[in-house]
Amino acid sequence: MAAVNRPVQYLATLFLWLASLHCAALVIPEDRADAMYHSYDGGGVTIDGPSILVRKGFKEKVSVYANYYQDMVSSASIDVLTSGSKYSEERTEYSIGADYLVDRALLSFGYTNSTESDYDAKTFSFGVSQDFFGDMTTLSLGYSRGDDEVRRNNSDGSSDFVGDAQRQRYSLGLSQILTRRWIISFSAETVVDDGFLRNPYRQIRYIPSIGGEVGYAPEAYPETRNSDAFAVRTMYYLPYRASVRFEARAFNDSWGIKAENYEIRYTHPIRSRMLLEIKGRRYSQNQADFYQDLFPFENSHEFMARDKELSTFSSNSFGLGLTYEFAFKLPFAKKHSASLYWDFIQFDYENFRNALLSKKGSEEEIAKYRVGEEPTYAFEANVIRIFYTVNY
Amino acid sequence: MLRVIGIFLMILAFSGCTSFKPWVKPYERGLLADPIMAFDRDPVASKYLMHVYEAREAARGAEGGAGGGCGCG
């Protein structure tokens with residue numbers, strides 16, 4: 001605990017010190033309410049539900065918000081079908097928070113509570129933002145702590161507690177105005193995980209003994225994970241009214257994973273009431289040190305994972321978004337708009353094989369693909385966000 | 001990384017309250033105030049997409065804008 005508390009105290013001292021400086025002019029976030037329907041459909045998984053966010057400011061000093069969010073999950077993913085059967089469940093998340101303008105520094109506090117049948121998560125966060133250099137530079141610091149409880153549901157409807165997990169995040173952000181048209185921002189974040197970090201249902205598979213069938217056993221993960229991520233984002237206002245945004249991010253962690261992603265986004269107004277957004281994104285990562293698609297035998301390693309999110313893979317995304325601001329006025333609102341965003345994502349795994357082709361399927365498939373020789377897995381996902389926004 | 005952050009903050013803080021003259025004056029920032037120049041124009045939507053990425057990718061952190069933990073294991 002001492003190792004965890006020291007950086008917290010260190011950052012808390014810096015927060016208070018920064019908050020006491022008098023040299024900047026920040027404002028609280030604008031008042032708005034959003035009602036969104038979200039949908040994810042890909043790889044045998046469909047997740048959809050609502051998200052409602054309301055934010056209201058008082059006397060230009062305090063802004064409070066509340067967010068209700070729900071996931072309705074129906075999963076027949078390759079993980080689920082390989083070692084279990086299709087399931088449905090719900091996750092509900094409530095968030096509340098406040099931003100407080102004090103001595104011209106913006107202090108932020110937040111709390112999130114997420115519950116599902118086998119997983120509870122509580123997260124506290126706080127941060128501070130401050131402008132420098134004639135308001136051309138904005139510095140932000142953040143800290144959050146999450147405490148999770150992991151359970152395993154049994155087929156008879158009961159559930160067993162399997163472990164706790166703690167997550168702490170330390171973030172630093174710096175945005176800089178470069179010219180009248182150009183702005184850039186840098187982000188760094190360290191995440192420290194401790195506790196039960198694996199999925200209690202997912203299994204590794206190992207080579208069958210001669211004449212036997214492929215074996216399955218629970219995954220075994222380390223109980224700590226530390227990661228660092230660094231990102232740069234920049235936006236440029238084009239010679240006509242449109243903007244282009246570029247993002248690059250690099251990531252590495254103590255499990256041996258290195259990842260990077262790049263994104264370019266173009267935003268273009270159409271007449272006076274519409275905004276069109278087009279974007280492309282590429283993500284790639286290498287595997288965790290203890291990941292294997294097929295282990296040589298049961299308990300062959302101290303740590304073993306067969307989570308495709310810990311394998312070597314890449315994804316490509318294409319996104320389109322459209323926002324329309326309504327012409328008719330609401331009596332209490334400055335403006336209101338409707339938005340539709342669609343993202344199409346292709347996932348291509350390099351060393352995660354489609355185990356269903358040797359486990360299930362026709363006799364020909366079983367004969368064609370021996371365990372460990374199946375084609376690598378790939379799938380596509382569609383992500384939809386539809387939301388209505390009122391600014392007041 | 002925390003030590004680097006601390007040193008950086010001290011440099012910034014000690015130089016931040018001097019009589020610095022910005023090369024982009026406040027009245028020259030009209031284009032930057034246009035909504036199309038917001039890094040995170042719709043927090044409710046960007047937070048959801050970050051949640052999708054975090055559930056499908058091993059990388060986490062430095063997402064920018066609205067981040068946060070969730071029970072998405």
Side-chain angles (χ1 to χ4, degrees), chain A residues 7 10 14 18 21 23 34 36 38 40 51 53 91 93 112 114 116 119-121 123 125 132-134 136 139 144 146 148 167 169-170 172 177 179-181 183 185 187-191 199 227-231 233 235 237 243 249 251 257 259 267 269 283 285 309-310 339 341 383 385 387, chain B residues 1-6 8-10 12-49 51-73:
Chain A
Y10 182 65
L14 286 169
L18 274 170
L21 299 176
C23 52
D34 297 88
M36 180 175 76
H38 58 82
Y40 171 95
S51 178
L53 174 69
R91 182 175 77 88
E93 182 183 294
T112 298
S114 168
E116 53 195 302
Y119 205 103
D120 291 340
T123 305
S125 64
F132 297 89
F133 304 134
M136 289 180 51
L139 177 72
S144 74
D148 301 356
R167 178 173 301 110
R169 303 174 78 120
Y170 306 88
L172 168 68
I177 294 173
T179 72
R180 289 195 290 180
R181 296 176 175 273
I183 187 167
S185 81
S187 306
E189 188 162 20
T190 294
V191 184
N199 181 320
S227 69
D228 294 317
F230 303 92
R233 296 175 179 84
M235 291 190 80
Y237 195 107
S243 69
R249 183 174 68 143
F251 168 89
I257 298 172
T267 304
Y283 172 86
Q285 71 172 57
E309 275 79 53
L310 299 187
S339 302
Y341 285 78
V383 182
R385 292 165 288 166
F387 55 98
Chain B
M1 196 180 91
L2 290 171
R3 190 169 298 168
V4 174
I5 293 172
F8 176 78
L9 288 176
M10 287 184 184
L12 204 60
F14 282 119
S15 56
C17 297
T18 59
S19 57
F20 179 85
K21 291 191 171 55
W23 65 83
V24 181
K25 304 284 187 289
Y27 56 83
E28 294 176 318
R29 298 175 195 172
L31 297 180
L32 298 176
D34 190 314
I36 66 169
M37 287 294 285
F39 274 115
D40 188 13
R41 197 170 61 246
D42 296 304
V44 72
S46 54
K47 181 182 173 185
Y48 173 71
L49 202 58
H51 173 58
V52 170
Y53 291 149
E54 193 161 308
R56 293 274 77 89
E57 300 169 351
R60 73 263 173 94
E63 292 95 347
C70 62
C72 45

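All chains are named by letter (A, B, ...) in the order of the sequence lines, taking the proteins before the strands, and each is independently numbered beginning at 1.
For B:Asp34, the part lying near chain A is the side chain, with the backbone staying farther off; criterion is any non-hydrogen pair under 4.5 Å. Both the backbone and the side chain of A:Val191 come within less than 4.5 Å of a heavy atom of chain B. For A:Ala231, the parts lying near chain B are the backbone and the side chain together; criterion is any non-hydrogen pair under 4.5 Å. In this structure, the portions of A:Glu309 lying under 4.5 Å from any heavy atom of chain B include both its backbone and its side chain. Only the side chain of A:Met36 comes within contact range of chain B, with heavy atoms under 4.5 Å apart. For chain B, no part of A:Ser125 is nearby; none of its heavy atoms comes within less than 4.5 Å. Interface residue B:Val44: backbone and side-chain heavy atoms are both found under 4.5 Å from chain A. Both the backbone and the side chain of A:Arg233 come within less than 4.5 Å of a heavy atom in chain B.
A salt bridge links B:Glu63 with A:Arg169: the distance from a Lys NZ or Arg NE/NH1/NH2 to an Asp or Glu carboxylate oxygen falls below 4.0 Å.
Here A:Phe387 pairs with A:Tyr341 under the ring-ring contact (aromatic ring centres under 6.0 Å, His included) rule; sequence neighbours left out. Applying the side-chain contact (heavy atoms from CB on, under 4.5 Å) rule to A:Ile177 yields the partners A:Met136, A:Ile183, B:Val24, B:Arg29, B:Leu32; only residues at least two apart in sequence or on another chain are considered.
For chain A, the option among B:Arg60, B:Arg41, B:Glu28 with the highest count of heavy-atom pairs below 4.5 Å is B:Arg60.
Within 6.0 Å of the CZ atom in A:Arg180, the count of heavy atoms belonging to other residues, nucleotides or ligands does not exceed 12.
When only modelled atom types and interatomic distance are considered, A:Arg385 and A:Ser339 share no side-chain donor-acceptor pair under 3.5 Å.
Here the shortest heavy-atom pairing between A:Ala259 and A:Gln285 reads CB-CB, 3.7 Å.
Within the 3.5 Å criterion, the main-chain N or O of A:Ser243 finds no donor-acceptor partner in the side chain of A:Arg181.
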